[in-house]
Every structure is written in C-alpha cells, then in structure tokens.
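Here the structure comes first, spelled out in structure tokens, and everything after it is commentary.
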Amino acid sequence: VALKAEYVRGYPELFRFRKDPTAYVGDLGRRSVDVWNFRAGWRNLFLVNNPELIQNVLVTHDWNFIKGRALRNSKPMLGEGLLTSEGELHRRQRRLAQPGFHSARLALYCNQIVNCTADLVEEWKRNEDETVSVSEEMMRLTLRIVGLTLFSADVTKEASRVGASLTEALRLFVRNNNPLVQMIPPLKRMNDRRARETRHGIEAVLLEIVEKHRRSPEQFNDMLSLLMSSHDEMGTSYMSNELLLDECLTIFLAGHETTANALSWAWYLLSNHPEAEAKLHAELAQVLGGRLPTFDDMPRLPYTTAVVRESLRLFPPAWVISREAVTPYRLEEIEVPAGANFILSPFATHRDPRFWPEPESFRPERWMENDPANESATRHRFAFFPFGAGTRVCIGEHFAMMEAVMAIAAIAQNFRLSLASGQKVELWPQMTLRSRHPMVFRVEPRNAG
Ligand code: HEM
C-alpha cells in the first residue's frame with residue numbers, strides 16, 4: 001500500500017506549526033497521514049505516523065539514528081546522561097543503571113511510592129482549602145518519590161529549590177531550540193551560560209546526596225549506590241564524578257516531570273468522565289476496601305491501569321520523540337538524505353482513527369481484557385508508544401506505570417477531584433506536554449470503604 005505523504009514548504013508553514021504544535025500534529029494523525037515532510041532552507045523534517053515505519057526507526061534500524069538536535073543542544077545542562085549520550089557510552093551507562101529498575105526493586109520502590117502518596121493524602125486531609133493546585137502537587141509528589149526511591153534522599157525540603165531549578169532547566173531547553181537562539185551566537189551563549197548556572201544550582205543538592213553515599217555506602221540500597229559501586233576488574237570506578245552527576249540530574253529530570261504530567265492529565269480526564277470515575281471507585285472499593293495498595297495489587301487493578309494507559313494515549317507527556325538520520329534512509333518509496341530530522345509523535349499516532357475507534361473519546365475499556373470494548377487484539381503494537389521503544393525505550397517505564405497506578409489508587413480512595421469552576425485547561429507542549437495554567441481541582445473527601 002502506498003504511503004499517504006504530504007509535502008509542505010516554506011517558513012510560513014513552520015510558523016503555523018510552531019504556533020500550535022499539538023493541534024498541527026494532532027491534525028496529521030486524525031487525517032492518517034503516514035509521512036509529512038517539511039522543508040525550508042536547511043531544514044528537512046519528516047514526521048512519521050505509521051506503526052511499521054515507527055518500529056523501523058526506533059527498533060529495526062535504530063543504528064541509523066541518533067537523538068535529535070534538541071537533546072544534543074541540551075548537553076550544557078544534561079551532560080552525557082542516559083537521555084543524551086550515544087553509542088558505546090550510552091550502552092555502558094544503560095547497563096549500569098538497568099539493575100536499578102529490575103522487578104525485585106520495583107517491589108521495594110512500591111512501598112515508598114505508596115507511603116509518599118499516603119503522606120500527601122494526610123496533608124490534603126488537614127488542608128482547610130477546598131481547592132488544590134493538583135498539577136503542582138503532582139510535581140512535588142513525583143519529585144519526592146524519585147528522590148527517595150532512587151537516591152534515598154528526601155528532597156521535599158529542597159523541593160521548591162530543586163523544582164524551580166528543574167522548571168528553569170526545561171524552560172531553557174525549550175528556548176534553546178528556538179531557531180533564533182541557535183542562529184544568534186550571543187543569544188546562544190547566554191542561554192548556555194544560564195543552563196550551566198541552573199545546573200550548578202541543582203548540582204549542589206546532588207553532590208550532597210553523593211557525598212552521603214560515599215561516607216557510608218553500606219547504609220544505602222538504591223539506584224545511586226548501584227551506579228557508584230560499579231567498577232571494572234581492576235577496581236577502577238566506571239563512573240567519573242562528572243558522569244555520575246550527569247546521570248543523577250537526568251534521572252531526576254526525566255523521572256518526575258513526565259509522571260507528574262501524566263497524573264495531572266489523568267485527574268483531568270477522570271473529572272470529565274464520571275462514568276469512568278465511578279468504575280475506578282468501584283474497583284478500588286472491591287480490591288482494596290479502604291486499605292492502602294501494595295505491589296501485589298498491581299495485577300488486581302486492571303481498570304486503574306487502563307485509566308493510566310488511556311490518559312497516556314490522549315495526553316502523552318513525551319509528545320514528540322526526535323531523531324536524526326546518520327546515513328541516507330528510505331521510508332518505503334521516499335528517499336531521505338543523511339542529516340534529515342525525524343519526529344515521531346505519540347500525540348499524533350494516538351489520535352489516528354486507523355488504530356483507535358473514536359480516537360478523541362476517553363475510554364479505558366479499550367484496554368480491558370475480557371471487555372467487549374477491548375481493542376488490543378486488532379491494534380498494531382507500535383500504534384501506542386508513550387515510552388518510546390527499542391534501545392532508547394524509557395528506562396523508567398514500569399516504574400512510572402506502577403507509580404501512576406499506585407498514586408491514583410491511594411488518592412482516589414480518599415478524595416474525589418473535580419476541576420475547579422472557571423479553570424482553563426490548555427495544552428502547553430514544551431519538552432513535555434504540560435497544561436499552560438496550574439490545574440486547580442476541588443478536592444472532596446470520600447468514604448474509601
Ligand atoms: C509517564 C511517565 C514517563 C514517560 C511518558 C516517559 C517517556 C519517555 C520516552 C518517550 C523516552 C524515550 C525518548 C527517546 O527515545 O528519545 C524516555 C526515556 C527515558 N526516561 Fe522516561 N518517561 C516517563 C517516566 C520516567 C521515569 C519515572 C524515569 C526514571 C525514574 C524515566 C527515565 C528515563 C530515562 C533515563 C530515559 C533515557 C533512556 C535511554 O535513552 O537509555 N522516565 N522516557
């Protein structure tokens with residue numbers, strides 16, 4: 001079957017794209033465009049919205065691709081951590097970090113995730129206000145979780161400082177990819193300088209954490225201690241201090257903002273879909289009956305899990321994944337020169353009616369085995385890729401799924417969240433898919449039984 005391809009040229013189209021990128025790529029998905037090519041000046045960009053081709057880029061031919069320019073430009077901030085490194089260095093770092101995410105460890109992390117969420121629930125119970133800025137609270141929660149589970153450090157006290165620095169880091173990341181900043185050297189230098197300053201701010205907190213681990217390594221059993229204890233046969237540490245900091249910063253950044261956004265969007269969708277919310281509450285009452293969830297409950301919470309998946313479908317926090325072709329490449333009949341940029345957009349593909357009946361509807365039942373509305377038998381594996389795929393697949397995928405399911409379960413048992421009246425909700429596609437305004441919800445206690 002020939003690909004449905006669209007070719008657009010010239011800067012006005014680029015402005016149209018940049019003005020509202022999610023509307024633009026969402027439209028390509030809704031119209032089932034397989035390949036969209038944009039050219040203007042030296043820019044040559046291919047958006048790929050076809051599961052076979054997505055699989056080829058991310059998995060089958062992954063050797064032909066490196067990360068896109070956007071991530072490369074963020075090296076002053078992220079250094080050579082897992083998100084940004086390439087080739088042998090990436091393979092080695094990934095091998096070192098991987099054991100930190102094995103399933104036996106996830107069970108340990110699960111307890112901490114539930115405890116952190118339970119603390120948040122207690123705080124909300126004491127809160128006199130009727131409304132809560134849930135998007136900010138989710139950031140605080142996921143930052144605390146990633147700090148405790150992976151670094152044994154409660155960064156809550158530093159949360160505002162670390163959180164603000166991380167937000168600044170993301171802002172700089174976006175600004176850095178503005179073509180003007182890339183073309184005008186003084187602007188670029190200024191941006192890079194800010195990136196380094198911001199990094200220094202976060203480094204101070206990270207160095208403290210690393211020092212604590214160094215002083216009494218036997219006391220810790222977390223991901224950081226795994227990274228720190230790795231050494232070769234000669235006893236030389238695999239990770240220099242510099243790399244260790246790059247890795248910590250990357251994991252802090254990648255490990256909290258995405259999950260926080262996923263949670264905020266899930267609350268938003270639940271508050272707009274009372275029938276789904278009622279099913280969620282019914283599952284929680286039946287399986288947990290008021291007690292806190294545990295790791296063993298994961299398989300017993302299929303509807304809660306389906307709510308998370310369906311939210312990740314409609315509002316994938318990583319709404320674009322970008323790559324650059326190292327050598328010339330073929331997309332079926334389309335020839336792509338070396339150096340061309342690729343974007344794969346879960347946001348687009350997750351709204352393509354070829355793969356999703358009524359793509360705009362929030363329907364957790366799509367994901368429920370044994371439900372007549374289940375669609376997974378007929379769907380291409382690569383029509384859904386909120387965590388990417390292949391060698392660069394999200395290392396925190398299972399961690400994030402568990403975290404989101406546990407957090408929703410523990411909170412929804414105790415509270416019903418409904419969007420505050422007058423609350424505007426607007427997509428704000430930055431490095432991750434945020435909401436433009438803090439998302440404020442009315443939080444009503446409910447009887448968990
Ligand atoms: C809902 C939450 C999350 C989403 C949607 C998400 C999404 C993604 C995606 C799409 C990628 C691949 C990017 C690419 O191929 O260019 C990625 C990579 C990565 N993610 Fe996540 N992520 C989430 C949570 C987490 C968590 C909780 C952690 C850590 C605790 C984490 C750590 C990382 C790291 C280190 C990488 C780079 C992996 C590599 O290249 O080897 N992420 N994530």
Side-chain angles (χ1 to χ4, degrees), residues 54-55 57-59 62 65-72 74 78-98 100-101 105-106 109-110 112-113 138-139 141-151 222-224 227 246-266 305 307-324 341-347 349-350 382 384-408 431-434:
I54 291 169
Q55 181 167 14
V57 171
L58 290 181
V59 185
D62 68 331
F65 296 93
I66 54 174
K67 290 274 177 143
R69 188 186 313 274
L71 271 175
R72 288 211 303 281
S74 67
L78 293 178
E80 295 285 347
L82 271 174
L83 265 178
T84 37
S85 57
E86 298 281 357
E88 191 45 44
L89 180 60
H90 172 261
R91 261 191 296 282
R92 206 185 67 191
Q93 314 250 98
R94 178 94 189 193
R95 254 199 325 269
L96 294 179
Q98 198 75 59
F101 293 91
R105 293 216 158 235
L106 290 187
Y109 301 150
C110 191
Q112 289 170 300
I113 290 171
M138 294 299 112
M139 288 286 175
L141 174 66
T142 56
L143 183 65
R144 179 155 186 245
I145 288 173
V146 81
L148 275 175
T149 51
L150 304 180
F151 304 98
D222 53 17
M223 202 199 54
L224 179 57
L227 293 179
D246 291 351
E247 216 51 271
C248 291
L249 183 57
T250 298
I251 288 170
F252 254 115
L253 203 64
H256 92 287
E257 146 101 23
T258 38
T259 319
N261 285 325
L263 284 168
S264 296
W265 291 119
T305 310
V307 164
V308 174
R309 282 207 208 315
E310 185 67 346
S311 307
L312 288 171
R313 181 181 72 82
L314 282 171
F315 299 113
W319 66 285
V320 280
I321 295 174
S322 61
R323 293 289 187 272
E324 191 175 303
N341 291 295
F342 279 67
I343 40 184
L344 315 179
S345 171
F347 190 88
T349 309
H350 293 179
F382 282 82
F384 184 66
F385 58 111
F387 295 101
T391 46
R392 306 305 300 243
V393 68
C394 177
I395 200 170
E397 170 173 2
H398 302 294
F399 183 103
M401 281 302 298
M402 177 179 77
E403 182 180 9
V405 168
M406 290 292 140
I408 288 188
M431 183 182 181
T432 59
L433 189 58
R434 291 180 155 218

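Computed from a predicted model, the values in this text were never measured in an experiment. Start at 1 and go down the list; that is how both ligands and their atoms are numbered.
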Side chain, backbone, both or neither: the part of [X] lying under 4.0 Å from ligand 1 by heavy atom:
{"X": "Phe399", "result": "side chain"}
{"X": "Arg392", "result": "both"}
{"X": "His256", "result": "neither"}
{"X": "Phe315", "result": "neither"}
{"X": "Asn261", "result": "neither"}
{"X": "Leu82", "result": "both"}
{"X": "Glu397", "result": "neither"}

If only atom types and distance count, is the side chain of [X] paired as donor or acceptor with the main-chain N or O of [Y] below 3.5 Å?
{"X": "Thr84", "Y": "Leu71", "answer": "no"}
{"X": "Thr142", "Y": "Met139", "answer": "yes"}
{"X": "Ser345", "Y": "Trp319", "answer": "yes"}
{"X": "Arg313", "Y": "His350", "answer": "yes"}
{"X": "Arg94", "Y": "Leu82", "answer": "no"}

Discussion item. When you measure from the heavy atoms of His90 to every atom of ligand 1, does any distance fall below 4.0 Å?
Written reply: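 Within the 4.0 Å threshold, so yes.
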Item to complete: Please verify whether a non-hydrogen atom of Phe101 lies at under 4.0 Å from ligand 1.
Response: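 True for this residue.
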How far is [atom] from its nearest protein heavy atom, and which residue and atom is that?
{"atom": "atom 6 (C) of ligand 1", "result": "Phe387 CD2, 3.7 Å"}
{"atom": "atom 15 (O) of ligand 1", "result": "Arg323 NH2, 2.8 Å"}
{"atom": "atom 42 (N) of ligand 1", "result": "Cys394 SG, 3.0 Å"}
{"atom": "atom 13 (C) of ligand 1", "result": "Lys67 NZ, 3.8 Å"}
{"atom": "atom 36 (C) of ligand 1", "result": "Leu83 CD2, 3.9 Å"}
{"atom": "atom 35 (C) of ligand 1", "result": "Ile395 CG2, 3.6 Å"}

Item to complete: Flag the pair Val320 / Phe347 as yes when at least one side-chain heavy-atom distance between them is below 4.5 Å, and no otherwise.
Response: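 Side-chain contact under 4.5 Å: no.
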Practice prompt. Would you check, one step at a time, whether the test salt bridge (Lys or Arg N to Asp or Glu O under 4.0 Å) holds for Arg434 with Glu257?
Written response: CA-CA 9 Å; Arg434 291 180 155 218; Glu257 146 101 23; 2.7 Å; yes
Give the single entry among [options] that approaches [atom] most closely by any heavy atom.
{"atom": "atom 29 (C) of ligand 1", "options": "Ala400, Gly255, Pro317", "value": "Gly255"}
{"atom": "atom 24 (C) of ligand 1", "options": "Leu263, Thr258, Leu433", "value": "Thr258"}
{"atom": "atom 25 (C) of ligand 1", "options": "Ala254, Ala262, Gly81", "value": "Ala254"}

Supply the atom-to-atom distance [X] [atom1] to [Y] [atom2], rounded to the nearest 0.5 angstrom.
{"X": "Phe342", "Y": "Ile321", "atom1": "CZ", "atom2": "CD1", "result": "14.0 Å"}
{"X": "Ile408", "Y": "Glu403", "atom1": "CD1", "atom2": "CD", "result": "10.5 Å"}
{"X": "Phe65", "Y": "Asn341", "atom1": "CZ", "atom2": "CG", "result": "11.0 Å"}

Worksheet item: Please walk me through it: do Asp62 and Arg323 pass side-chain contact (heavy atoms from CB on, under 4.5 Å)?
Response: CA-CA 10 Å; Asp62 68 331; Arg323 293 289 187 272; over 6 Å; no
Test your reading of the structure: does [X] have an N or O sitting under 3.5 Å from an N or O of ligand 1?
{"X": "Thr250", "answer": "no"}
{"X": "Glu403", "answer": "no"}
{"X": "Arg94", "answer": "yes"}

Worksheet item: Of Thr258, Asn261, Thr259, which meets side chain to side chain donor-acceptor pair (under 3.5 Å) against Thr432?
Response: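 Answer to the side chain to side chain donor-acceptor pair (under 3.5 Å) test with Thr432 among Thr258, Asn261, Thr259: Asn261.
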Practice prompt. In sequence, state the C-alpha distance, the side-chain angles, and the governing distance for Gln93 and Ser85, and then conclude on side-chain hydrogen bond (donor to acceptor under 3.5 Å, both in side chains).
Written response: CA-CA 9 Å; Gln93 314 250 98; Ser85 57; 4.7 Å; no
Should you measure from each heavy atom of [X], which atoms of ligand 1 turn up under 4.0 Å away?
{"X": "Pro386", "result": "5 (C), 7 (C), 10 (C)"}
{"X": "Gly388", "result": "10 (C)"}
{"X": "Ile321", "result": "10 (C), 14 (C), 15 (O), 16 (O)"}
{"X": "Leu150", "result": "30 (C)"}

Practice prompt. Name the orientation class of the two ring planes belonging to Phe315 and Trp265 (parallel below 30°, tilted from 30 to 60°, perpendicular beyond 60°).
Written response: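 Parallel: the ring planes of Phe315 and Trp265 meet at under 30°.
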Discussion item. Please evaluate residues Arg392 and Glu86 with respect to the criterion side-chain contact (heavy atoms from CB on, under 4.5 Å), reporting the C-alpha separation (whole Å), side-chain torsions for both, the decisive distance (0.1 Å), and the verdict.
Written reply: CA-CA 10 Å; Arg392 306 305 300 243; Glu86 298 281 357; 3.6 Å; yes
